[in-house]
Amino acid sequence: QVQLVESGGGSVQAGGSLRLSCAASGYRGNRLCMAWFRQAPGKGREGVATIDSFGRTNYEESVKGRFTISQNSAKNILYLEMNNVKPEDTALYFCAADPGSCAADWSDDRFFDYWGQGTQVTVSS
């Protein structure tokens with residue numbers, strides 16, 4: 001059973017920066033696709049970024065150049081560095097994971113087996 005716990009959410013001014021963290025435990029395999037999703041009020045969950053065991057990444061178009069996904073494999077921690085944040089980034093952010101490689105259609109949340117509880121990010125203008 002893989003367990004994921006997010007932290008680092010909070011309130012930030014537009015143009016500022018924030019770093020989210022996700023601590024993973026219970027994983028014993030060789031490969032793991034990890035991702036950040038977000039859900040704004042009235043919307044479904046949207047894929048933000050993924051990273052696989054080889055460090056290969058995918059990003060949603062609106063966050064390219066602003067957000068960076070990374071991982072500390074030795075400590076099983078996933079990060080999302082959020083820079084130049086916008087009010088449109090306001091959402092509940094979820095950490096997700098799935099054994100194996102990241103799928104081509106990675107933004108589909110049905111692909112992921114494990115989810116954290118979410119951490120709220122609020123960007124004010």
Over all atoms of both residues, closest heavy-atom pair of [X] and [Y]:
X: W36; Y: S21; answer: CH2-O, 3.7 Å
X: A24; Y: M34; answer: CB-CE, 4.2 Å
X: L78; Y: C95; answer: CD2-SG, 3.8 Å

Considering only distance and modelled atom types, tabulate donor-acceptor pairs under 3.5 Å from the side chains of residues 64-71, sequence neighbours left out.
residue: K64; atom: NZ; partner: E61; partner atom: OE1; Å: 3.1
residue: R66; atom: NE; partner: S62; partner atom: O; Å: 3.4
residue: R66; atom: NH1; partner: N84; partner atom: O; Å: 3.0
residue: R66; atom: NH1; partner: D89; partner atom: OD2; Å: 2.8
residue: R66; atom: NH2; partner: S62; partner atom: O; Å: 3.0
residue: R66; atom: NH2; partner: D89; partner atom: OD1; Å: 3.1
residue: Q71; atom: NE2; partner: D52; partner atom: O; Å: 2.9

Going by side-chain hydrogen bond (donor to acceptor under 3.5 Å, both in side chains), name the residues that satisfy it together with [X], two or more places apart in sequence or in a different chain.
X: E88; value: none
X: S7; value: none
X: S11; value: none
X: N72; value: none

Disulfide bond (SG atoms under 2.5 Å apart) pairs, two or more places apart, involving residues 96-125: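 Residue pairs passing disulfide bond (SG atoms under 2.5 Å apart), neighbours aside: C33-C102.
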Within residues 40-72 or reaching into it, pairs that qualify as disulfide bond (SG atoms under 2.5 Å apart) - sequence neighbours excluded: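 Checked against disulfide bond (SG atoms under 2.5 Å apart) - neighbours excluded - no pair reaches residues 40-72.
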How many angstroms lie between [atom1] in [X] and [atom2] in [Y], if you round to the nearest 0.5 Å?
X: Q3; Y: N76; atom1: CD; atom2: CG; value: 12.5 Å
X: I51; Y: R56; atom1: CD1; atom2: CZ; value: 10.5 Å
X: R19; Y: L80; atom1: CZ; atom2: CG; value: 11.0 Å

L32 vs S53, side chain to side chain contact (heavy atoms under 4.5 Å, CB included): CA-CA, chis, key distance, verdict: CA-CA 6 Å; L32 189 66; S53 59; 5.8 Å; no
Residue pairs, two or more places apart or on separate chains, that pass side-chain hydrogen bond (donor to acceptor under 3.5 Å, both in side chains) and touch residues 92-107: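 Of all non-adjacent pairs touching residues 92-107, those that pass side-chain hydrogen bond (donor to acceptor under 3.5 Å, both in side chains) are R38-Y93.
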ILVMFWY clustering at 4.5 Å (side-chain atoms), partners of I77: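 Members other than I77 - counting any ILVMFWY side chain reachable under 4.5 Å - are Y79.
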Hydrophobic cluster of F112, others only, ordered by chain and residue number, side-chain cut-off 4.5 Å: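 Taking Ile, Leu, Val, Met, Phe, Trp and Tyr as members, F112 shares its hydrophobic cluster with F37, L92, F94, F111, W115.
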Qualifying residues under salt bridge (charged side-chain N to carboxylate O under 4.0 Å, His left out), relative to D113, sequence neighbours excluded: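 By the salt bridge (charged side-chain N to carboxylate O under 4.0 Å, His left out) rule, D113 matches no residue at all.
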Test item: E60 side-chain N/O and E46 main-chain N/O as donor-acceptor pair under 3.5 Å: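 Side chain of E60 to backbone of E46, a donor-acceptor pair under 3.5 Å: no, none is there.
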Side-chain donor-acceptor pairs of residues 118-125 under 3.5 Å, sequence neighbours excluded:
residue: T119; atom: OG1; partner: G9; partner atom: N; Å: 3.2
residue: Q120; atom: NE2; partner: A91; partner atom: O; Å: 3.4
residue: S124; atom: OG; partner: Q13; partner atom: OE1; Å: 3.3

